[in-house]
J.: 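One structure follows; several queries about it will come next.
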Amino acid sequence: MGKDRPNGADFSVQNGGKRQPNRQMSTELYDMASKVMLIGDSGVGKTCLLVRFKDGAFLSGSFISTVGIDFRNKVVDVEGTKVKLQIWDTAGQERFRSVTHAYYRDAHALLLLYDVSNKASFDNIRAWLGEINEYAQEDVVIMLLGNKADMTSERVIRTEDGERLANEYNVAFMETSAKTGMNVDLAFMAVAKDLKMKKTRKPTDPKFSVTDYVNQEKQSVGCCSS
Ligand SMILES: Nc1nc2c(ncn2[C@@H]2O[C@H](COP(=O)(O)OP(=O)(O)OP(=O)(O)O)[C@@H](O)[C@H]2O)c(=O)[nH]1
Ligand SMILES: [Mg+2]
């Protein structure tokens, strides 16, 4: 079992100056660890999604744009296996792009967000997928998330538009809301489950598909209370 700090408050600088979480001050036990990166335009809700997952709270009020990169850890239980998710929250602003590029290649999964009430953030998804293609590992798990699904009257991107784009690029898709919590745990749990399956699957076992898993488990707007 490994250990790590329960939150991402501390960094040590190693690995050519790249910020690394400090493992010496570890407190929480885990069986396997995975790096997940949150990416997408500024304001789509990356930090709020992470805070909702980590603390179960919603950051309403004034928007504080992330500077550079930050991370938080959360250990989740996948059928008895403790999976530590080290979640990197990147800045969506263009001026920080070169900072975040350096982190792509270590990521096991990328949660790529747009805002269903912001057309430009959706239109930019193709450019983000181009960046992923350039900088991330070939087998990285990609999940496209249409966030702010609670904003029904301001919505400009339909669920079908997100689905179509995800199908075109063969990536998993669902709509989320950091405000209500809809599908937030599922997005991270699907990644944890994928990692566990990759590590423990025997050659004869059927392959785990993140896309099938989220399609089976996801809620749609107005479906259920969350
Ligand atoms: N209604 C609603 N508002 C949200 C949701 N998620 C985020 N917001 C709001 O959107 C704004 C931006 O959220 P952030 O999480 O800070 O955005 P970000 O993607 O981290 O932005 P950068 O750090 O600049 O890249 C904030 O005012 C949030 O309150 C959501 O699911 N629903
Ligand atoms: Mg942020």
Side-chain angles (χ1 to χ4, degrees), residues 2-28 30 32-76 83-115 118 121 124-125 128 131-132 135-137 140-145 147-148 176-179 181 183-192 195:
K3 285 168 130 195
D4 213 333
R5 286 178 59 76
N7 64 50
D10 281 51
F11 285 92
S12 61
V13 177
Q14 305 160 0
N15 199 7
K18 226 164 83 177
R19 296 171 95 197
Q20 294 290 319
N22 189 339
R23 297 198 60 173
Q24 277 84 352
M25 297 172 73
S26 298
T27 53
E28 203 163 354
Y30 59 90
M32 53 184 69
S34 172
K35 284 186 184 152
V36 184
M37 241 173 104
L38 295 165
I39 55 174
D41 280 9
S42 179
V44 296
K46 299 178 293 297
T47 300
C48 287
L49 196 86
L50 175 53
V51 170
R52 163 61 71 186
F53 175 62
K54 171 79 184 162
D55 304 326
F58 176 60
L59 295 175
S60 55
S62 57
F63 164 35
I64 302 169
S65 196
T66 304
V67 171
I69 192 155
D70 200 1
F71 90 101
R72 307 285 298 272
N73 287 332
K74 183 161 173 166
V75 177
V76 296
V83 179
K84 186 190 80 173
L85 298 175
Q86 188 183 93
I87 308 155
W88 293 87
D89 177 22
T90 68
Q93 287 179 45
E94 192 86 44
R95 65 196 168 106
F96 297 113
R97 223 39 74 76
S98 58
V99 179
T100 54
H101 286 163
Y103 292 85
Y104 273 86
R105 71 169 191 280
D106 295 331
H108 161 255
L110 300 170
L111 302 186
L112 172 56
L113 278 75
Y114 66 89
D115 167 356
N118 177 340
S121 74
N124 285 335
I125 290 296
W128 282 107
E131 291 220 343
I132 292 170
Y135 297 103
Q137 302 266 12
V140 71
V141 174
I142 303 166
M143 213 176 293
L144 179 65
L145 303 178
N147 191 42
K148 308 197 188 179
T176 54
S177 168
K179 187 171 181 177
N183 289 334
V184 174
D185 285 0
L186 177 59
F188 291 97
M189 285 306 286
V191 166
L195 178 80

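Bear in mind the structure is a predicted one, so any value in this text is a computation, not a measurement.
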J.: From K84 NZ over to K35 NZ, what is the distance, rounded to the nearest 0.5 angstrom?
T.: 8.0 Å
J.: Between M143 and V191, which heavy-atom pair has the shortest distance, and what is it?
T.: CE-CG2, 3.9 Å
J.: Kindly confirm or rule out a cation-pi arrangement of K74 over F188, judged by NZ or CZ under 6.0 Å from the six-membered ring centre and within 45° of its axis?
T.: no
J.: What pairs with K148 under side chain to side chain donor-acceptor pair (under 3.5 Å), at least two apart in sequence or on another chain?
T.: D115
J.: Specify the closest pair of heavy atoms between G68 and T100, including all atoms of both residues, with the distance to one decimal.
T.: O-CG2, 4.4 Å
J.: With D41, which residues qualify under side chain to side chain donor-acceptor pair (under 3.5 Å), at least two apart?
T.: N124, W128
J.: Who are the side chain to side chain donor-acceptor pair (under 3.5 Å) partners of S177, not counting sequence neighbours?
T.: D150, T180
J.: What are the two closest heavy atoms between L113 and N147, and how far apart are they?
T.: CD2-CB, 4.0 Å
J.: Check side chain to side chain donor-acceptor pair (under 3.5 Å) between E131 and all other residues, then give those that pass, not counting sequence neighbours.
T.: H101, Y104
J.: Working to the nearest 0.5 angstrom, can you tell me the gap between D185 CG and T176 OG1?
T.: 11.5 Å
J.: Locate the shortest heavy-atom distance separating S34 from L195; write the atom from each residue and the value.
T.: CB-CD2, 3.4 Å
J.: Using side-chain heavy atoms (C-beta onward) and a distance below 4.5 Å, is V44 in contact with N118?
T.: no
J.: For residues 92-101, which residue pairs pass the salt bridge (charged side-chain N to carboxylate O under 4.0 Å, His left out) check, not counting sequence neighbours?
T.: E94-R97
J.: If you take all heavy atoms of K54 and N73, which pair is closest and at what distance?
T.: NZ-O, 2.8 Å
J.: I'd like to check D106 versus W88 (side-chain heavy atoms, cut-off strictly below 4.5 Å). Are they in contact?
T.: no
J.: Quick check for you: to the nearest 0.5 Å, what is the distance between I142 atom CD1 and I39 atom CD1?
T.: 8.0 Å
J.: Let me check something: any side-chain donor-acceptor pairs from residues 56-67 under 3.5 Å, sequence neighbours excluded? List them with distances.
T.:
residue	atom	partner	partner atom	Å
S65	OG	Q93	NE2	2.7
T66	OG1	T47	OG1	2.8

J.: Nearest 0.5 Å, please: how far is CG in L111 from CZ in F53?
T.: 9.5 Å
J.: What is the distance from atom CG of D89 to atom CG of D70, rounded to the nearest 0.5 Å?
T.: 6.5 Å
